[in-house]
Amino acid sequence: MSEMASPVSLTTLSTELRHKVLASVIWTSTATLYNHLDLFFQDPRVRLRDDWDIWVPTTPPQPPALSLLLTCRILRYDVQYLLNSSTAQSHPYEIDVVFIAKCGLFPTWVCCPLPSQINLDTLQASFRIMDVEDIDDEVPAGRQGEFLSRYRGVSSDFDADNYPNPPPGSWNFYRLLASFLALGPRGLTSPAYQRENRGCLSRSRYSLQHLIISVTSKEETEMDDERRERASGPRRFLLDHNSDLPYGGSREEDVFPGPPDNSPYTWTGPTELETVRGMYGHAGRLTLGHADRYGLYLANTLWALLDFKWLSRGFGLMVYESILDDITFYVDGKPRPHFGMDDLLSLEPLKHRTLTPEVAAALQVWKEWVMKWRSKLRERGMLDEPRPSFAFVRYLPASMADPNECPDSDSDSMSGSDV
C-alpha cells in the first residue's frame with residue numbers, strides 16, 4: 001500500500017515558488033476605480049480633516065500584505081523581503097484621485113501593499129476629472145443635487161483674491177502631498193490617524209524614488225452634448241469667471257505662473273490660457289478644462305514648492321527631503337514635464353520679493369544638509385545630523401491654522417501673510 005502524500009502548504013513550497021505566490025497576493029488591487037455613480041451610491045465618504053475638501057472612504061480597503069504579515073514568521077520574512085526587493089519596482093503604489101469642481105478631491109488607494117512601509121520606490125497618482133452634472137443626470141429621479149449637498153466644499157475654489165496667498169483649491173493638493181510624505185499611505189485614508197498626528201505635517205518620514213502624476217480627460221457622453229445645448233444663451237459663462245475651475249479665477253497666474261519661458265521644466269502641452277478664457281462654456285473646458293488645464297495647474301503649484309515660493313516654501317523642503325529621483329507628469333498617457341530632483345536642487349531659486357539675503361543664506365545651509373540626507377536615504381539609512389531650523393518657514397496659511405493644534409512650522413515668529 002503506497003504512502004499517502006503529505007499535504008502541501010505555502011510554507012513547504014520552494015522559496016522561489018512561494019515568492020511568486022505571495023507577490024501575486026501582495027500586489028493585488030485593493031480597490032477598483034470608481035465611476036461617477038459609484039461615488040454616489042457607495043457608503044458616504046468623510047473629510048480627511050474637518051476643514052479639508054479631501055473626501056476618503058469611511059472604511060478604507062484592507063492591504064493584502066497586512067494579513068500575510070500576521071500569519072507566521074516565515075511568511076512575514078518573505079513579505080518584508082519582497083516589499084524591499086527589486087520586484088517592488090515594477091509594482092508602484094497607486095492612488096486614484098477624482099477631482100470634482102465645487103467638492104474637492106476624492107482619493108482611493110488602488111494598490112497599497114503595506115501602509116506602514118517607509119521606503120517606497122514609485123507612487124503613481126492618477127487624477128481624473130468628473131462633473132457634478134455627470135452624477136445628477138444619471139441618479140434616480142428626485143435625488144438630483146444630493147451629491148453636491150453632501151460633499152459641497154468649504155475650501156475648493158480657485159479664486160486668488162487673497163493674493164499673494166494661494167487660492168483654497170490649491171491647498172487641497174498641497175495637503176494631499178504633505179500628508180503622504182509625512183504620514184505615509186495611512187495619512188490619505190484615516191481621519192483618526194490625521195487627528196493623532198496634528199502638527200506633524202512639517203517633517204517628512206517617508207521616502208519615494210519616483211512620483212508619477214497622471215491626468216486623464218473626462219470621457220465625453222451624450223449627456224455632455226445635451227448640457228451644452230441647455231447652457232446656451234445667457235447661461236453660458238466665460239471660463240475666466242468660473243473660480244470652481246483651475247485658472248478660472250482672478251490672479252491665479254500671478255500666484256502660480258510656473259517656470260520661466262526658457263526653462264526646460266515648462267509645460268509641454270497646450271497652455272493658451274488667454275485663448276481658452278475667451279471661449280464660452282464647454283468649448284473652452286474641452287480645450288484645457290479637463291486634462292491639460294488641470295495638469296498644468298498641478299505642475300505649476302508643484303513648481304511653487306520646488307522654487308521655494310511664499311507660504312509653500314515649507315512644503316517644498318519636504319518634497320526635496322522625500323522624493324529622491326524624479327517627478328513626471330503625463331496627460332492622457334502623453335509625457336509632460338519631467339522634474340529631476342538633483343538637478344533642481346542645484347539651481348538657484350528665482351529672485352522674488354520674499355527671497356531676502358537671510359532666507360537665501362538659510363536655504364544654502366539647508367541644501368548642504370539635504371544633500372547628505374538624500375544620500376543616506378538612498379542607502380536606506382538615516383542621517384545623524386539635525387535638520388536646520390527655519391524661522392521664515394510657515395507650512396499653512398495663518399487663516400487656516402487650527403489654534404488648538406501644534407503649528408505645522410519650525411517657528412511662528414513670522415506672521416506676515418506672504419511669508
Side-chain angles (χ1 to χ4, degrees), residues 48-49 52 54 56 88 92-95 97 105 107 109 111-127 166 170-191 193-214 298-299 301-309 311-329 339-342 344-345 366-367 369-371 373-378 380-383 387-388 390 393-396 405-410:
L48 188 58
R49 278 174 61 166
W52 295 6
I54 300 175
V56 298
Y93 279 61
E94 184 176 352
I95 189 168
V97 184
L105 303 178
W109 281 105
C111 184
C112 182
L114 190 64
S116 60
Q117 190 179 4
I118 293 177
N119 300 306
L120 309 181
D121 185 84
T122 302
L123 169 65
Q124 179 167 328
S126 301
F127 285 83
S170 64
W171 283 102
N172 291 322
F173 171 59
Y174 284 171
R175 288 159 173 161
L176 200 71
L177 181 61
S179 292
F180 176 79
L181 297 179
L183 306 179
R186 283 184 65 193
L188 303 185
T189 61
S190 173
Y193 193 58
Q194 282 278 350
R195 287 193 295 270
E196 292 170 10
N197 291 276
R198 279 185 179 272
C200 296
L201 297 188
S202 61
R203 299 298 177 94
S204 59
R205 284 180 278 177
Y206 288 74
S207 67
L208 186 65
Q209 299 291 331
H210 312 281
L211 173 61
I212 299 172
I213 298 177
S214 176
L298 293 178
T301 55
L302 182 63
W303 180 259
L305 302 184
L306 299 175
D307 194 38
F308 308 107
K309 195 172 186 180
L311 291 165
S312 58
R313 188 185 293 120
F315 284 159
L317 303 182
M318 290 184 62
V319 174
Y320 282 112
E321 290 168 9
S322 298
I323 302 177
L324 302 182
D325 285 355
D326 52 32
I327 303 172
T328 306
F329 281 83
F339 298 143
M341 301 306 290
D342 287 336
L344 283 171
L345 199 54
W366 170 81
K367 279 189 175 184
W369 173 85
V370 81
M371 293 300 286
W373 168 267
R374 290 164 57 83
S375 178
K376 275 291 186 181
L377 282 182
R378 286 189 170 106
R380 300 299 176 93
M382 293 295 291
L383 181 64
R387 180 203 207 193
F390 301 94
V393 167
R394 181 179 293 278
Y395 291 88
L396 294 175
E405 70 172 89
C406 298
D408 281 334
S409 63
D410 291 317

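In this chain, residues are counted from 1 in sequence order.
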Could you tell me whether the side chain of Leu181 reaches within less than 4.5 Å of the side chain of Val319, counting heavy atoms only? yes

Looking only at heavy atoms, the pair that brings Ala299 and Phe329 closest together is CA-CZ, 3.5 Å

Exam field: side chain Trp52 to backbone Arg175, donor-acceptor pair closer than 3.5 Å
no

Taking the six-membered ring for Trp, are Tyr206 and Phe180 parallel (under 30°), tilted (30 to 60°) or perpendicular (over 60°)? tilted

Test side chain to side chain contact (heavy atoms under 4.5 Å, CB included), reference Val97, set Asn172, Ile213, Leu105, output is Leu105

* Going by heavy atoms in the side chains, are Asn119 and Ser207 under 4.5 Å from each other? -> yes

- side chain to side chain contact (heavy atoms under 4.5 Å, CB included) between Leu176 and Ile95, worked out: CA-CA 11 Å; Leu176 200 71; Ile95 189 168; 5.6 Å; no

Correct closest heavy-atom pair for Ser170 and Thr301 would be CB-CG2, 4.1 Å

If the plane angle is over 60° it's perpendicular, under 30° parallel, otherwise tilted; pick one for Phe339 and Trp303. tilted

Problem set entry | Ser179/Gln194 under side chain to side chain donor-acceptor pair (under 3.5 Å): CA gap, chis, key distance, verdict | CA-CA 8 Å; Ser179 292; Gln194 282 278 350; 3.0 Å; yes

Distance col, row Leu305:CG vs Leu317:CG, nearest 0.5 angstrom, shows 9.5 Å

**Request:** For the pair Tyr174 and Trp171, name the ring-plane relationship: parallel under 30°, tilted 30 to 60°, perpendicular over 60°.
**Result:** perpendicular

Checking His210, Arg374, Gln209 against Met341 for side chain to side chain contact (heavy atoms under 4.5 Å, CB included), the one that qualifies is Arg374

